[in-house]
2 protein chains.
Amino acid sequence: MISKKSKYALNALVHLARQYGEGPILISTIAEEENIPQKFLETILLDLKNSGILGSKKGKGGGYYLRKKPEEVNIAQVLRLFDGAIALLPCVTFRFYERCEECKDEDTCSIREAFLKVRNESVRIFKNETLKTLVEREKVLLKKKRKK
Amino acid sequence: MISKKSKYALNALVHLARQYGEGPILISTIAEEENIPQKFLETILLDLKNSGILGSKKGKGGGYYLRKKPEEVNIAQVLRLFDGAIALLPCVTFRFYERCEECKDEDTCSIREAFLKVRNESVRIFKNETLKTLVEREKVLLKKKRKK
DNA sequence: ATTAAGCCTATCGGAATTATAGACTAATTG
DNA sequence: CAATTAGTCTATAATTCCGATAGGCTTAAT
């Protein structure tokens, strides 16, 4: 399971992507509309800002906004920022690599190979899922629902 | 990341699968050879027994053995037993389903769809990875290594 | 009866997660 | 330039989960 942080971050980012280019949005607005505890959301948005994805403006008329284009931000980036590796075993990640303590020989570990397959597929899918595709899909889903 | 329990369980199961049909194996043997804390391993093997995957014999000459055939036990089963859902969001699993608290409308959640794709691929891969294929792959990897 | 081995219950320490409080800083506006 | 608005920083509380251990109980073989 991913952390609440990652989930909240994704919801906040999609919220911002919906209004991309329309100026800063208040933390309090995002918090209310997305049902996220405001103080918690503050730390999350700060992290996103420090990683270069978001920008902020202080004072009246301030708030947060997307600094990158929606198509340049994908789910993999967000998960890695808040939850670390996407892989399910430390020995199958590249940037968060760690040896499994109990493992006798990584080179002949068949379990490792199985988890490597899953990691590679997951990363591939998550990289294709950008804020742009998410917002677009949302629209499609909305239309479908209205027809019912 | 998966829990140590799942990882230890998989290592223990592969160990038992290597000697499938050759009678019970001591907890202490598995613990030593697979570098697993024995007391911890006891609880794990019990869970595997209660789920029907393993059988046990008490007393002298006792130990644990595979009750199911190696090709009938896959990684998905093991992960679900110890870590619950394979999905990364509670709203994309079937047997462990829970609504995301903050979610306004599941039907139009584009994030949900993205995570559903990942879940489906992961489950597909994990179901294909059985104790049989793991043991076989191990042999292949060993041969490859010896050639070097 | 003795001994070997798995079974059961309880519990502990530590880490991570989720969340909150409160003071501080920067920018806007009248 | 004072007042207000809104993001930033530091600290810490509350919970939950995980990995691990202890110790006694039960069962089966010899």
Side-chain angles (χ1 to χ4, degrees), chain A residues 1-12 16 23-32 34-51 53-67 79 81-85 88-90 96 98 100-102, chain B residues 1-12 16 23-32 34-51 53-67 79 81-85 88-90 96 98 100-102:
Chain A
M1 293 283 158
I2 66 170
S3 65
K4 289 262 183 183
K5 260 193 172 169
S6 282
K7 183 81 197 303
Y8 289 159
L10 287 171
N11 280 318
L16 289 166
I25 299 175
L26 292 182
I27 295 180
S28 57
T29 304
I30 304 175
E32 272 176 45
E34 301 294 336
N35 297 319
I36 305 171
Q38 176 160 346
K39 273 292 184 183
F40 197 33
L41 179 59
E42 285 181 13
T43 67
I44 292 167
L45 295 178
L46 246 194
D47 286 343
L48 286 168
K49 186 195 164 195
N50 292 333
S51 82
I53 294 173
L54 296 184
S56 69
K57 243 189 113 177
K58 286 187 177 184
K60 195 169 186 182
Y64 277 96
Y65 55 90
L66 261 182
R67 186 182 207 87
L79 294 185
L81 185 59
F82 293 105
D83 289 347
L88 295 173
L89 280 181
F96 301 96
E98 265 180 76
C100 291
E101 307 164 53
E102 87 282 6
Chain B
M1 293 285 158
I2 65 170
S3 63
K4 289 263 184 183
K5 261 191 173 171
S6 282
K7 183 80 196 307
Y8 289 159
L10 287 171
N11 280 318
L16 290 166
I25 298 175
L26 291 182
I27 295 179
S28 57
T29 304
I30 304 175
E32 272 176 45
E34 301 294 336
N35 296 320
I36 306 171
Q38 176 161 346
K39 273 291 186 183
F40 198 32
L41 180 60
E42 285 182 16
T43 68
I44 294 167
L45 295 179
L46 245 194
D47 287 342
L48 287 167
K49 186 198 163 193
N50 292 332
S51 82
I53 295 173
L54 296 185
S56 68
K57 246 190 110 178
K58 286 187 177 182
K60 195 168 186 182
Y64 276 96
Y65 55 90
L66 262 181
R67 185 182 207 87
L79 294 184
L81 184 59
F82 293 105
D83 290 347
L88 295 174
L89 281 180
F96 300 96
E98 263 180 78
C100 290
E101 304 164 57
E102 86 282 5

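The chains referred to below are lettered A, B, ... by the order of the sequence lines, with proteins before strands, and numbering in each begins at 1.
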Can you check the [X] [atom1] to [N] [atom2] distance for me, whole Å?
{"X": "A/Glu32", "N": "D/dA6", "atom1": "CD", "atom2": "C1'", "result": "15 Å"}
{"X": "B/Ile27", "N": "D/dT21", "atom1": "CD1", "atom2": "P", "result": "15 Å"}
{"X": "A/Phe40", "N": "D/dT12", "atom1": "CZ", "atom2": "P", "result": "19 Å"}
{"X": "B/Glu42", "N": "D/dC25", "atom1": "CD", "atom2": "P", "result": "16 Å"}
{"X": "B/Leu46", "N": "D/dT26", "atom1": "CG", "atom2": "C1'", "result": "12 Å"}
{"X": "A/Met1", "N": "D/dT16", "atom1": "CE", "atom2": "P", "result": "18 Å"}
{"X": "A/Lys58", "N": "D/dG7", "atom1": "NZ", "atom2": "C1'", "result": "6 Å"}
{"X": "A/Asp47", "N": "C/dT17", "atom1": "CG", "atom2": "P", "result": "13 Å"}

- Check whether any side-chain heavy atom of A/Leu48 sits under 4.5 Å from a side-chain heavy atom of A/Leu45, and report yes or no. yes
- Task: Identify, between B/Leu41 and B/Phe82, the residue whose nearest nucleotide on DNA chain D lies closer to the 5' end.
- Result: B/Phe82
- Task: Indicate, yes or no, whether a donor-acceptor pair under 3.5 Å links the base of D/dG23 to the side chain of B/Lys39.
- Result: yes
- When we call it a touch if two heavy atoms are under 4.0 Å apart, what does A/Tyr8 touch: a base, just sugar-phosphate, or nothing? sugar-phosphate
- Query: Base, sugar-phosphate, or nothing: which does A/Leu45 touch, judged by heavy atoms less than 4.0 Å apart?
  - Reply: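 Here A/Leu45 touches no strand at all.
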- Starting at the 5' end of DNA chain C, which residue's closest nucleotide do you reach first, B/Ile25 or B/Glu101? B/Ile25
- Taking only the side-chain nitrogens and oxygens of A/Lys60, find out if one of them lies under 4.0 Å from OP1 or OP2 of C/dA26.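 Answer is no, no contact under 4.0 Å.
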